[in-house]
2 protein chains.
Amino acid sequence: MTAEKRPPAGAAVLRGEITTAIRRALMQELAAAGYGRLSIEAVARRAGVSKTAIYRRWSSKLDLVLDVVSAVAGRKLPLLDTGTLDGDVRLLLLVVTGALGHPLASQIIPDLLAEAARNPQIAGTLQGALNDYQERIGEIVVGRAVERGELPAGADPRAAADLIVGPVYWRLAIARVPLEPAELPRMAEAAVAALRVACAESDTAVRSSQR
Amino acid sequence: MTAEKRPPAGAAVLRGEITTAIRRALMQELAAAGYGRLSIEAVARRAGVSKTAIYRRWSSKLDLVLDVVSAVAGRKLPLLDTGTLDGDVRLLLLVVTGALGHPLASQIIPDLLAEAARNPQIAGTLQGALNDYQERIGEIVVGRAVERGELPAGADPRAAADLIVGPVYWRLAIARVPLEPAELPRMAEAAVAALRVACAESDTAVRSSQR
DNA sequence: TTACGTCGGGACGCAACCGTAGCGTCCTTG
DNA sequence: CAAGGACGCTACGGTTGCGTCCCGACGTAA
């Protein structure tokens, strides 16, 4: 596994290519072994890099994972305004489907979410991003729809993420049945219908204004 | 953790209480550490039992987990007939909520599902149970509704599990926001609305008869 | 040009765990 | 009442991973 031709040695500066290789190897290793079994040595092996090179950049396994994961999870999703609730939902589903479509992502995300339930550090990073994500969906998608009159005022934004993302996540990350693009419009319409009912009901039902 | 009063020694027969203690300890350990980090020694410690006692019953870690998990996962859910689609869905949500409400379950299930994606043995056991589960939901809940005329004939049973279970699973196992019983009827109605739309659309949409 | 600091390689001590084995104890079974 | 076997305990050799350290080689920045 060690290079046969003399590997180019380093200089007095961290080499970006090596950092990149480590990041990439971490993702692959995370998918293949999971966080529980993740080992720095395996990451180094896969990246074709010495263990020392990793410890020069990050102080521990958790440090490495948190850094890389937060970089990925921190990316805000755009949530363009398509002009209609149905269009917004459809676009959102497309983005989520695309993200969960990557084999690495559909492996890593459930794994880390499970780990987050027992590791406060990961929970802080991941659930934080998840909350942002859900709030954005709620406020923006539902908010716009209310402005347009497509949903009744006082609609509960909390339910939006559950009803929109839940089915797709279950399908792709849990049941692991592929989702064909042709099915997206149907799922979007189903989600919109669910949203309408959930929001209409929110007058009579218990108002849970706790975020 | 070992008993203080002289622990009763064994006889020429496996003692059921010890088997039970191991099973219980396994679940707790699975929740606390995850499958990846699971160690037989930790299970033995937690059960207050010698490692030997475990190896006398199961040949390896995987063997132990598969046995215990399949015993739990193999239980069919009853799916009583309440007479209406809405009632059926509400009951189903109640069962699912109850199951995911247990802290152990909400920890273990996502963990094992993530592990199943990389371990064929676990996948076989768990995804098998999951498929049964989804087929039962689809065939029974949707089937009855079609007979009653609550859903159009030719409704796609495949989508049922996604639309009904997806949101609850997301809410409880991913976002980990508690679900109050008062919210159940709303979620049920939302799911029913989604089902209606999804099924009504199934004429024009691509028919995916591949389960 | 020269010092700095990263590079890979290799080795370190420490810890945890695997699965097996031998022991004396003691209960259940026949 | 005798024998068989499960029990806890202790220990084993082997594997894997951690995080650290030293080394000679080498390229970049002052």
Side-chain angles (χ1 to χ4, degrees), chain A residues 1-26 28-30 32-68 115 118-119 121-122, chain B residues 1-26 28-30 32-67 115 118-119 121:
Chain A
M1 221 58 63
T2 57
E4 295 188 355
K5 52 179 65 176
R6 295 277 155 257
V13 152
L14 289 175
R15 283 165 56 188
E17 28 174 331
I18 287 187
T19 307
T20 308
I22 296 174
R23 285 209 158 93
R24 176 162 31 235
L26 172 69
Q28 294 172 349
E29 201 60 30
L30 218 40
Y35 180 84
R37 280 202 195 294
L38 184 73
S39 80
I40 297 284
E41 302 210 317
V43 173
R45 235 172 296 154
R46 190 187 287 264
V49 146
S50 72
K51 232 186 351 173
T52 324
I54 297 182
Y55 280 106
R56 276 197 198 96
R57 283 157 237 264
W58 297 276
S59 66
S60 71
K61 169 171 143 180
L62 183 60
D63 190 22
L64 168 59
V65 171
L66 282 184
D67 178 53
V68 173
E115 184 65 27
R118 75 178 69 95
N119 186 323
Q121 308 252 43
I122 294 185
Chain B
M1 221 49 65
T2 56
E4 294 188 355
K5 52 178 66 174
R6 295 278 155 256
V13 151
L14 288 175
R15 283 167 55 190
E17 29 175 329
I18 288 187
T19 308
T20 308
I22 296 173
R23 285 209 158 93
R24 178 165 26 238
L26 172 69
Q28 294 173 348
E29 201 60 29
L30 218 40
Y35 179 84
R37 282 202 194 296
L38 184 73
S39 79
I40 298 284
E41 301 210 316
V43 173
R45 238 171 332 202
R46 190 186 286 264
V49 146
S50 71
K51 234 187 347 173
T52 324
I54 297 182
Y55 280 107
R56 279 199 194 95
R57 283 157 236 263
W58 297 277
S59 66
S60 70
K61 169 171 143 181
L62 184 59
D63 190 22
L64 168 59
V65 172
L66 283 184
D67 178 54
E115 184 64 28
R118 74 178 70 94
N119 186 321
Q121 308 251 45

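Proteins get letters first, then strands, A, B, ... in listed order; numbering begins at 1 in each. What's counted below: heavy atoms across the whole structure, side chains too, no hydrogens, waters or symmetry copies. Computed from a prediction, not measured in an experiment: that's the story for all the values here.
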Protein N or O to nucleotides 16-18 of chain D N or O, pairs below 3.5 Å:
| residue | atom | partner | partner atom | Å |
| --- | --- | --- | --- | --- |
| D:dG17 | OP2 | A:R45 | NH2 | 3.3 |
| D:dC18 | OP1 | A:I40 | N | 2.8 |
| D:dC18 | OP2 | A:I40 | N | 3.1 |
| D:dC18 | OP2 | A:E41 | N | 3.1 |

message = My understanding is that only residues two or more places apart in sequence, or in another chain, count here; which of them pass side-chain hydrogen bond (donor to acceptor under 3.5 Å, both in side chains) with A:E41?
response = A:K51
ask   = Starting at the 5' end of DNA chain D and moving along, which residue's nearest nucleotide shows up first, A:R56 or B:A53?
value =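 Of the two residues, B:A53 wins.
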request  = Using the test salt bridge (Lys or Arg N to Asp or Glu O under 4.0 Å), find all partners of B:R118 that sit at least two apart in sequence or belong to another chain.
outcome  =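 Partners of B:R118 under the salt bridge (Lys or Arg N to Asp or Glu O under 4.0 Å) test: A:D111, B:E115.
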inquiry  = Going by salt bridge (Lys or Arg N to Asp or Glu O under 4.0 Å), name the residues that satisfy it together with B:R24, two or more places apart in sequence or in a different chain.
reply    =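 With neighbours one apart ignored, the set is empty.
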query = Pairs in or reaching into residues 58-67 of chain A: which pass salt bridge (Lys or Arg N to Asp or Glu O under 4.0 Å), with residues at least two apart or in two chains?
reply = A:R23-A:D67
Those residues that, when tested against B:A53, pass side-chain contact (heavy atoms from CB on, under 4.5 Å) (two or more places apart) =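 Testing B:A53 for side-chain contact (heavy atoms from CB on, under 4.5 Å), a comparison that skips the adjacent residues, returns B:I18, B:V49, B:S50, B:R57.
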Rounded to whole angstrom units, what separation is found between the [atom1] atom of [X] and the [atom2] atom of [N]?
| X | N | atom1 | atom2 | answer |
| --- | --- | --- | --- | --- |
| B:R46 | C:dC17 | CZ | C1' | 17 Å |
| B:D63 | C:dC18 | CG | C1' | 15 Å |
| B:I54 | D:dC7 | CD1 | P | 11 Å |
| A:L14 | C:dG8 | CG | P | 11 Å |
| A:I18 | C:dT6 | CD1 | C1' | 8 Å |

ask   = Does the side chain of A:R15 get closer than 4.0 angstrom to OP1 or OP2 of D:dC26 through an N or O atom?
value = no
task = Please lay out, stage by stage, how B:L66 and B:W58 fare under the test side chain to side chain contact (heavy atoms under 4.5 Å, CB included).
result = CA-CA 10 Å; B:L66 283 184; B:W58 297 277; over 6 Å; no
ask   = So, does the side chain of B:T52 form a donor-acceptor pair with the base of D:dC9 at under 3.5 Å?
value =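 It does, because a donor-acceptor pair links the side chain of B:T52 to the base of D:dC9 below 3.5 Å.
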